[in-house]
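The chains referred to below are lettered A, B, ... by the order of the sequence lines, with proteins before strands, and numbering in each begins at 1. Owing to the predicted nature of the structure, the values given are computational and were not obtained by experimental measurement.
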There are 2 protein chains.
Amino acid sequence: MAQDKKQAILKGVLKLVNRVGFYHINMKMVAQEAGVAAGTIYLYFKGKEELINELYKMIVTEFNGNVLEAYDHDGPIRDSYNAMMTQAVVFYLNNKDYFSFVEQYTYAPFLFKEYQEQNFTLLLPIYKMMRAGKKQKLIKNLPDAVLLSMVHGPMNTMLKMHFAHKVDLTKTSMQKKFYDACWEAIAIDKK
Amino acid sequence: MAQDKKQAILKGVLKLVNRVGFYHINMKMVAQEAGVAAGTIYLYFKGKEELINELYKMIVTEFNGNVLEAYDHDGPIRDSYNAMMTQAVVFYLNNKDYFSFVEQYTYAPFLFKEYQEQNFTLLLPIYKMMRAGKKQKLIKNLPDAVLLSMVHGPMNTMLKMHFAHKVDLTKTSMQKKFYDACWEAIAIDKK
DNA sequence: TTTCACAAAATGAATGTTCATTCATTTTTA
DNA sequence: TAAAAATGAATGAACATTCATTTTGTGAAA
């Protein structure tokens with residue numbers, strides 16, 4: 001089946017990102033990992049560039065889908081916040097390859113201009129929540145960029161530190177401290 | 001002079017990071033940019049890998065030196081915080097190439113294990129300040145990793161957004177909002 | 001059910017290009 | 001004039017992509 005093979009190739013790249021790192025990946029390895037011949041990749045993708053870009057699209061779709069699932073439009077913002085943060089962090093903890101791929105993708109030479117534009121696509125779910133929180137006077141009236149950076153930035157750094165064994169983000173106590181700290185950074189103080 | 005040429009080569013790489021991007025850089029280009037022959041590079045560096053690693057060392061040294069200069073051990077923490085944040089942000093704003101180099105370096109295949117270990121070297125100045133602040137009961141008693149992530153993470157994200165033209169970090173009003181937000185995230189509330 | 005013909009899919013060896021590195025030769029320095 | 005420094009053409013390895021060939025799938029006819 002055509003779609004199976006396409007997926008197998010994409011997943012192959014992803015596995016390799018973890019095992020050998022983004023820039024040691026070559027088409028022969030991808031082929032081997034996916035269980036196809038090198039030439040076969042070119043039946044499904046125009047070339048390496050398209051392959052990488054499609055993979056990025058796949059990850060964005062999967063990640064955003066996951067995080068948005070945790071967003072309860074009717075419940076309290078604070079609950080949605082917790083659920084979404086957990087979802088995002090756990091997603092990356094379980095998919096280190098997704099994380100390092102996304103990190104590396106930004107500066108990869110494969111990047112089309114069109115993608116560069118939507119390079120903050122992965123922030124859309126957070127952005128959405130911020131807006132709602134601002135309206136409800138629960139979240140500080142700061143520029144969107146600042147609010148986004150106060151959630152996305154720390155998550156990124158924490159994950160990097162986790163994968164560098166500087167901290168253990170799998171511990172729920174650590175997660176809680178971290179989520180709370182970020183919330184306090186963006187929430188209006190109710191004392 | 002030997003050191004001049006070494007520096008010229010390192011600076012050449014840096015300029016090229018900006019102009020063509022990390023992964024399009026080849027030794028011929030570096031040579032041309034530095035005004036030497038390709039072979040000359042090998043008189044000063046063992047190879048591309050060493051060249052890249054030395055450059056990282058150079059940047060870390062320069063950056064940390066700059067930021068630590070702003071640290072006044074005798075004055076109030078809050079002032080040091082502001083001065084250091086400003087120093088760090090302005091440094092990267094004026095040296096986009098440094099920023100993108102550091103961002104890309106983490107996942108580059110050149111990275112020796114020994115460097116990977118000290119990959120958070122760039123956080124040492126912040127770390128130092130956190131410690132002092134905790135002692136003075138000015139900064140929250142959170143795990144170091146969390147505190148670090150609440151300052152370093154947002155800075156990274158803001159800079160990325162700035163360079164992607166999503167926000168203008170050169171505006172002092174934006175800088176102030178951002179510095180204050182990060183401070184509130186880590187400081188003990190005095191209300 | 002088996003056979004055959006044709007198309008679609010897949011293969012992987014061959015190709016051409018890019019590029020890090022080397023080293024015989026030349027230039028500079030002291 | 002001899003040593004040190006610099007040069008850049010030559011080398012060879014790595015690797016994306018191509019394409020002539022092989023394999024697999026499909027369905028009509030026997």
Side-chain angles (χ1 to χ4, degrees), chain A residues 1-58 100-101 104-105 107-113 115, chain B residues 1-58 100-101 104-105 107-113 115:
Chain A
M1 178 67 68
Q3 279 310 306
D4 288 357
K5 211 149 267 184
K6 198 168 176 179
Q7 281 298 310
I9 293 166
L10 289 170
K11 292 280 181 188
V13 178
L14 217 33
K15 268 190 223 161
L16 288 169
V17 172
N18 238 344
R19 190 161 343 124
V20 305
F22 206 89
Y23 287 97
H24 285 135
I25 292 173
N26 63 52
M27 296 306 256
K28 210 170 185 176
M29 290 166 81
V30 173
Q32 203 170 318
E33 188 68 34
V36 300
T40 308
I41 299 172
Y42 292 85
L43 299 176
Y44 295 95
F45 303 95
K46 227 180 125 193
K48 196 179 184 181
E49 193 167 305
E50 190 180 283
L51 174 57
I52 297 294
N53 282 315
E54 292 256 335
L55 186 52
Y56 180 71
K57 268 198 251 179
M58 190 192 88
S100 50
F101 181 89
Q104 289 169 75
Y105 182 78
Y107 292 99
F110 311 107
L111 204 64
F112 285 132
K113 275 274 148 53
Y115 291 103
Chain B
M1 177 68 67
Q3 279 310 305
D4 288 356
K5 211 150 267 187
K6 197 168 178 179
Q7 281 298 310
I9 294 166
L10 288 171
K11 292 280 182 190
V13 178
L14 217 34
K15 268 190 223 162
L16 288 170
V17 171
N18 239 343
R19 189 160 344 122
V20 305
F22 206 89
Y23 287 98
H24 286 134
I25 293 173
N26 62 53
M27 298 304 259
K28 208 170 188 175
M29 289 165 81
V30 173
Q32 202 172 318
E33 188 67 35
V36 300
T40 307
I41 298 172
Y42 293 84
L43 298 176
Y44 296 95
F45 303 94
K46 227 181 125 192
K48 195 178 183 179
E49 193 166 307
E50 190 180 284
L51 173 57
I52 297 295
N53 283 314
E54 291 257 336
L55 185 53
Y56 180 71
K57 268 198 251 180
M58 190 193 90
S100 51
F101 181 90
Q104 290 170 74
Y105 181 78
Y107 291 98
F110 311 107
L111 205 64
F112 285 133
K113 275 275 146 51
Y115 291 104

In whole Å, I'd like the distance from the CD atom of A:Gln32 to the P atom of C:dA10.
18 Å
What's B:Ile25 touching, base or sugar-phosphate or nothing? Going by heavy atoms closer than 4.0 Å.
sugar-phosphate
First locate atom CD1 of B:Ile9, then atom CG of B:Leu55, and finally report the distance between them rounded to the nearest 0.5 Å.
11.5 Å
In whole angstrom, what separates B:Tyr42's OH from D:dT11's P?
17 Å
Round to a whole Å and report the spacing from NE2 of B:His24 to P of C:dA20.
12 Å
Could you list all N or O pairs between the protein and nucleotides 11-17 of chain C that sit under 3.5 Å apart?
from: C:dT11; atom 1: OP2; to: A:Ala37; atom 2: N; distance (Å): 2.8
from: C:dT11; atom 1: OP2; to: A:Thr40; atom 2: OG1; distance (Å): 2.4
from: C:dG12; atom 1: N7; to: A:Gly39; atom 2: N; distance (Å): 3.3

Rounded to the nearest Å, what distance is computed from the NZ atom of residue B:Lys6 to the P atom of nucleotide D:dA6?
13 Å
Got a second to check how far B:Gln7's CD is from B:Met58's CE, nearest 0.5 Å?
6.0 Å
When the distance from CG of B:Asp4 to C1' of D:dA5 is rounded to whole Å, what number comes out?
14 Å
Once rounded to the nearest 0.5 Å, what's the spacing between atom NZ of A:Lys6 and atom CG of A:Leu43?
12.0 Å
Parallel, tilted or perpendicular, as decided by the 30° and 60° cut-offs, for the rings of B:Phe101 and B:Phe22:
tilted
Using a cut-off of less than 4.0 Å, is there contact between a side-chain N or O of A:Tyr44 and OP1 or OP2 of C:dA10?
yes
